Amino acid sequence: MDLTGERRIEAPRKVVWRALNDPEVLRAAIPGCQELEKTADNAFTATVQAKVGPVKATFAGAVALTDIIAPESYRISGEGTGGAAGFARGGAWVKLAEDGNATLLTYQAEAQVGGKLAQIGSRLVQGTARKLAGQFFDRFAEAVQQDDSA
């Protein structure tokens, strides 16, 4: 499953970059996030509750940031297990470009699921992934813009 998109965020690139690396901002922006802890400079552990169709599960996993070119881009990769619900793993390239006084954030992500999640059907899983990505970027943009105006 692949997802791509872009968001214009009304804040300078350095502010957006700082937020993309801030566990508190990310925790608040990730739908269903119960825990997000920084375990190393470029690594986190996370616990996220998600519902995909009839399957609701709590996923525990790890996230790593690699190929970092501050304040322009990085690759985020992660893997999580949700018990009987199955697993999810994937990654995304996140790129930031200046757009006047704002920042254009683009992403290209891929994901794989297994277990009950894979049995649900790719259309439902992809639709849920798009919805969750939209919620994340809406919350993220709001948090960044509030931080920048403060």
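Keep in mind it's a predicted model, so treat the numbers as computed, not measured. Any value given below was found using the heavy atoms of this structure, including those in side chains, with hydrogens, waters and symmetry copies removed.
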On a heavy-atom basis, the closest approach of Pro12 and Thr103 is C-OG1, 3.1 Å
Query raised in the report: When clusters are formed by joining ILVMFWY residues with side-chain heavy atoms under 4.5 Å apart, either directly or through shared neighbours, do Val144 and Ile30 land in the same one?
Result: yes
Contacts satisfying ring pair (Phe, Tyr, Trp, His ring centres under 6.0 Å) that involve residues 49-106 (not counting sequence neighbours) are Trp17-Tyr74
Heavy-atom nearest pair, Leu105 first then Ile9, reads CD1-CD1, 4.1 Å
SB check Glu142 Arg139 (cutoff 4.0 Å):
no
ask   = In terms of the angle between their ring planes, are Phe140 and Phe136 parallel, tilted or perpendicular, with boundaries placed at 30° and 60°?
value = parallel
Tell me if a side-chain donor or acceptor on Glu37 pairs with a main-chain N or O of Thr45 at a distance below 3.5 Å.
no
Do you reckon Tyr107 sits in the same ILVMFWY cluster as Leu26, going by side-chain contacts under 4.5 Å, direct or chained? yes
Checklist line | Pair Arg7 + Asp138: basic N to acidic O under 4.0 Å | finding: yes
Given the options Ile120, Leu132, Val113, Val52 meets side chain to side chain contact (heavy atoms under 4.5 Å, CB included) only with Ile120
Practice item. Evaluate whether atom CD of Gln108 has more than 12 neighbouring non-hydrogen atoms of other residues, nucleotides or ligands under 6.0 angstrom away. Key: no
Quick check: are there more than 12 heavy atoms from other residues, nucleotides or ligands sitting under 6.0 Å from NZ of Lys116? no
